[in-house]
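Here is the structure we will look at.
Proteins get letters first, then strands, A, B, ... in listed order; numbering begins at 1 in each.
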There are 2 protein chains.
Amino acid sequence: MRACDMDRVKGLPLFAEIAADTFRVATAGAHLQRFPAGTMLLLEGDPVDFLYVLLDGQVELHGTWNDHETVLAILRPVSTFILAAVVLDADALMSARTLERCEILMIPGDAIRTAMRLDPRFAMAVSRDLAGCYRGLVRTVKNHKLRNSVERLANYLLTLRAADNSGNVVRLHHEKRVLASLLGMTPENLSRAFSALQAVGVNVQGAVVTLSNVVALEALAKPDPLIDNHAPRGGDIVAEADAEVWSSEWNRAGGVTGPRTASAGKRND
Amino acid sequence: MRACDMDRVKGLPLFAEIAADTFRVATAGAHLQRFPAGTMLLLEGDPVDFLYVLLDGQVELHGTWNDHETVLAILRPVSTFILAAVVLDADALMSARTLERCEILMIPGDAIRTAMRLDPRFAMAVSRDLAGCYRGLVRTVKNHKLRNSVERLANYLLTLRAADNSGNVVRLHHEKRVLASLLGMTPENLSRAFSALQAVGVNVQGAVVTLSNVVALEALAKPDPLIDNHAPRGGDIVAEADAEVWSSEWNRAGGVTGPRTASAGKRND
DNA sequence: GCCTTCAATTGACTTGTATCAATTCACTGC
DNA sequence: GCAGTGAATTGATACAAGTCAATTGAAGGC
């Protein structure tokens with residue numbers, strides 16, 4: 001593995017604050033692998049032998065039932081996945097598939113569990129990571145049970161805008177059919193939802209979406225910090241856990257005068 | 001706090017295998033409290049100062065948006081809740097309300113986080129608990145995105161049957177309007193879903209549901225171990241994490257010849 | 001005893017979403 | 001260049017679920 005890849009892994013909140021020894025234990029049997037687009041990395045129901053760390057590319061997590069499939073999450077670098085199954089040494093509940101050419105670090109599950117037993121700081125980091133993922137799913141469930149498809153799309157666009165710190169032009173990172181499944185609708189309905197949002201100044205041109213009336217869009221979307229996490233991703237905020245902490249601090253500060261960057265909250269500077 | 005209550009807390013997987021010292025640290029500032037039915041224990045958005053341990057009664061976790069409310073989970077003793085928020089010292093994403101008279105142990109969040117730093121076994125236990133809750137939510141999302149309301153109800157009844165080890169007569173533990181919200185439908189639609197299930201031998205009499213044709217019900221419900229956890233609750237299986245491990249072992253063993261009790265899987269007896 | 005209250009049910013209707021089919025569009029390979 | 005593939009869109013229609021309103025039913029208070 002290249003040194004710069006190792007640095008990126010060490011940069012993950014999961015591994016950031018652990019002892020050098022622990023890091024060596026955890027990554028001893030790890031190997032870096034490249035996969036073409038459309039590769040099934042893991043099938044739901046399979047035993048999970050590795051913790052996956054996505055270093056480059058995009059991975060989709062999805063679930064299947066009765067010949068139907070639904071996208072549960074889409075991951076972008078750098079992020080880990082199926083940590084929960086690794087911790088419990090349980091079978092996967094979701095399948096994982098590469099959406100593009102990917103570079104993935106695979107760390108044996110045994111090594112992770114051993115490292116947790118050795119280093120309370122690492123075990124703590126795992127807990128924080130899992131807590132972040134858990135809260136992400138709570139948000140997902142609320143989003144799906146409380147909103148209709150147009151509202152979900154509207155909030156998705158606003159979250160994207162906040163995450164990428166883009167102005168009034170956001171770029172969709174995925175194919176529309178994948179996005180539709182993620183948002184819990186059919187591709188046909190996503191198209192119709194986009195047309196419905198024209199009324200509030202949303203225009204789509206391929207993957208480029210222009211928001212010419214954010215005020216109206218927000219009036220329709222009614223974004224809520226307890227459902228939508230508007231933490232600016234990238235920079236200091238890479239893991240869900242960081243985004244959760246950012247969100248809480250933002251809310252406590254009133255959502256306007258709060259910490260402007262993640263570092264303002266994380267460190268006392 | 002009564003000694004028998006302390007024993008019940010110590011019996012939780014979260015606290016079962018930790019050092020006596022750690023347990024003392026964790027529970028030092030804890031206090032037992034009783035609440036009448038309908039009490040709001042926690043409002044979404046509030047900072048979370050305590051880990052709650054439900055010793056008696058029922059608690060509902062719900063979320064709100066735009067004047068609508070949805071039930072996200074219903075807890076029965078003995079179980080902990082809002083562990084994720086405690087670990088991250090973040091604000092609650094869900095509100096908690098007692099459905100009946102409850103007895104709840106409240107453990108300061110600081111004490112939990114301190115204990116995690118001191119004792120890797122405790123940190124590990126927290127990770128396992130969170131991993132179990134996370135996987136429970138993954139199941140919930142799949143359930144909601146892949147099934148319609150009748151299918152969700154059918155599977156709910158089958159899961160209840162497996163959990164309580166009841167024969168062909170299951171008892172609903174909650175009011176129907178609460179159940180409807182948990183299953184993601186209106187009370188009116190729950191009524192209709194029950195009538196739809198008459199065709200497969202389901203009859204309702206208040207809280208008592210008789211399943212006179214389980215084969216037909218299963219044919220309709222198509223239960224799936226990757227969505228529905230049929231672990232028999234009570235006995236050895238109290239936390240989500242245990243149920244997850246049970247489920248994996250059950251599947252690996254083929255779902256028929258597998259471990260008959262949780263202990264068969266957990267210990268090598 | 002009766003009255004109140006609220007959960008549960010039932011029917012009529014509206015809205016939301018999925019499905020099916022046809023067409024357009026963009027990219028890829030030859 | 002052009003055909004072929006699959007994504008995206010659009011329209012017509014069917015089905016699922018929510019809403020509104022009225023009724024029934026059961027538990028609790030006086």
Rounded to whole Å, CG of B:L146 lies from P of D:dA16 at a distance of 16 Å
Quick one: do B:F81 and B:Y52 satisfy ring pair (Phe, Tyr, Trp, His ring centres under 6.0 Å)? Show the steps, please. CA-CA 5 Å; B:F81 54 103; B:Y52 293 71; 5.1 Å; yes
5' to 3', nucleotides 10-18 of chain C under a 4.0 Å protein heavy-atom cut-off (B base, S sugar-phosphate only, - none) gives BBB----SB
Any ion pair linking B:R147 and B:D228 (charged N to carboxylate O, less than 4.0 Å)? yes
To the nearest angstrom, the NE2-C1' distance between B:H144 and D:dA16 comes to 15 Å
Atom CG of A:L183 and atom P of D:dA8 are separated, to the nearest Å, by 13 Å
Margin query: Under a 4.0 Å threshold between the charged nitrogen and the carboxylate oxygen, would B:E188 count as salt-bridged to B:K176?
Written below: no
Atom CD of B:E175 and atom P of C:dA7 are separated, to the nearest Å, by 6 Å
In whole angstroms, the gap separating P of D:dA7 from NE2 of A:H174 amounts to 16 Å
Only one of B:N148, B:L190, B:V202 passes side-chain contact (heavy atoms from CB on, under 4.5 Å) with B:L153, and that residue is B:L190
B:L153 CG to C:dT9 P, in whole Å, measures 11 Å
Note to self: Strictly below 4.0 Å, N to O, side chains only: are A:E69 and A:R97 in salt-bridge contact?
What the structure shows: yes
Tested for side chain to side chain donor-acceptor pair (under 3.5 Å) against B:Q58, the lone hit among B:R101, B:E100, B:R76, B:H173 is B:E100
Here the distance between atom P of D:dA16 and atom CG of B:L190, to the nearest Å, is 17 Å
Taken to the nearest whole Å, CD/B:Q205 to P/C:dA7 is 20 Å
